[in-house]
Amino acid sequence: MTAIQTLHILNKSPDHPRATRCLETVAEEDCLLLIGGGVLLLATDNLPGISRVFALTQDLDARGLANLAGNVSAVDYAEMVSLSVQAQRVISW
């Protein structure tokens, strides 16, 4: 994986104001990691047009969203830590 400039970690549901702000801020070259209520974004049509989107497997399973579509990759906790370490900057929403 190439270096990550900014990793945005979204844990808010799609209707939360912070989720909206995150999606307005994330750039095409950034990575987006969906955790907690953030994985609910996959059930909407609001997924941003960025190339690297990840979702925490445990949260997908807990919400019945294990069947991913498009450019979303499921990651476990160890991979989540790895993404955070690779990023030059991490923003939690």
Side-chain angles (χ1 to χ4, degrees):
M1 173 177 278
T2 60
I4 300 171
Q5 182 69 29
T6 302
L7 174 64
H8 297 266
I9 301 175
L10 178 61
N11 68 358
K12 302 296 182 203
S13 64
D15 59 343
H16 193 283
R18 244 186 274 164
T20 302
R21 182 68 180 132
C22 171
L23 297 177
E24 292 171 350
T25 305
V26 66
E28 185 177 333
E29 65 274 5
D30 294 342
C31 288
L32 176 63
L33 173 59
L34 304 172
I35 64 171
V39 299
L40 296 174
L41 185 65
L42 299 175
T44 71
D45 291 330
N46 296 334
L47 196 60
I50 62 172
S51 60
R52 297 186 289 180
V53 179
F54 303 92
L56 191 61
T57 302
Q58 290 82 348
D59 291 330
L60 291 169
D61 291 343
R63 289 161 179 84
L65 297 171
N67 296 326
L68 300 177
N71 63 344
V72 178
S73 301
V75 296
D76 60 19
Y77 286 110
E79 292 167 313
M80 178 179 157
V81 171
S82 178
L83 288 171
S84 299
V85 170
Q86 293 175 45
Q88 293 181 13
R89 180 170 64 159
V90 176
I91 302 174
S92 292
W93 298 91

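Criterion: ILVMFWY side-chain heavy atoms under 4.5 Å apart, direct or through other members. Under it, Tyr77 and Val75 are part of a common hydrophobic cluster. No continuous path of hydrophobic side-chain contacts links Leu83 to Val81 [ILVMFWY only; heavy atoms under 4.5 Å].
Summarising the geometry of Ile4 relative to Arg52, their closest heavy-atom pair is CG1-NH1, 4.0 Å, with the distance given to 0.1 Å. Contact detail for Gly37 and Pro14: the closest heavy-atom pair is O-CD, 4.1 Å. Taking all atoms of both residues into account, the shortest heavy-atom contact from Leu32 to Cys22 is CD1-SG, 3.9 Å. The two atoms that bring Phe54 and Val72 nearest to each other are C-CG1, 4.5 Å, heavy atoms only. Scanning both residues, Leu10 and Ala19, for their nearest heavy atoms gives CD1-CA, 3.7 Å. Shortest non-hydrogen contact noted between Ser84 and Val90 is O-CG2, 3.9 Å.
Of the inter-residue distances, the one linking Lys12 atom NZ with Thr20 atom OG1 reads 12.5 Å to the nearest 0.5 angstrom. From Leu33, atom CG reaches atom CD1 of Ile9 across 5.5 Å, with rounding to the nearest 0.5 Å.
Sequence neighbours left out, not one pair with a member in residues 73-93 passes salt bridge (Lys or Arg N to Asp or Glu O under 4.0 Å).
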### Query
Do Val53 and Leu41 pass the side-chain contact (heavy atoms from CB on, under 4.5 Å) test, and can you show the C-alpha distance, the side-chain angles, and the key distance before you say yes or no?
CA-CA 11 Å; Val53 179; Leu41 185 65; over 6 Å; no
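Partners of Glu28 under the salt bridge (charged side-chain N to carboxylate O under 4.0 Å, His left out) rule, at least two apart in sequence or in another chain, do not exist in this structure. Residues forming a side chain to side chain contact (heavy atoms under 4.5 Å, CB included) with Ala27 (at least two apart in sequence, or on another chain): Glu29, Asp30. With sequence neighbours left out, Arg63 forms a side chain to side chain contact (heavy atoms under 4.5 Å, CB included) with Val39, Leu40, Asp59, Leu65. Remark: Ser13 pairs with Asp15 by the side-chain hydrogen bond (donor to acceptor under 3.5 Å, both in side chains) rule, at least two apart or across chains. Every residue meeting the side chain to side chain contact (heavy atoms under 4.5 Å, CB included) condition with Gln88, not counting sequence neighbours, appears here in chain and number order: Gln5. Taking the salt bridge (charged side-chain N to carboxylate O under 4.0 Å, His left out) definition, one finds that Arg18 meets it with nothing, sequence neighbours left out. Under the side-chain hydrogen bond (donor to acceptor under 3.5 Å, both in side chains) criterion, Ser82 pairs with Gln86, sequence neighbours left out.
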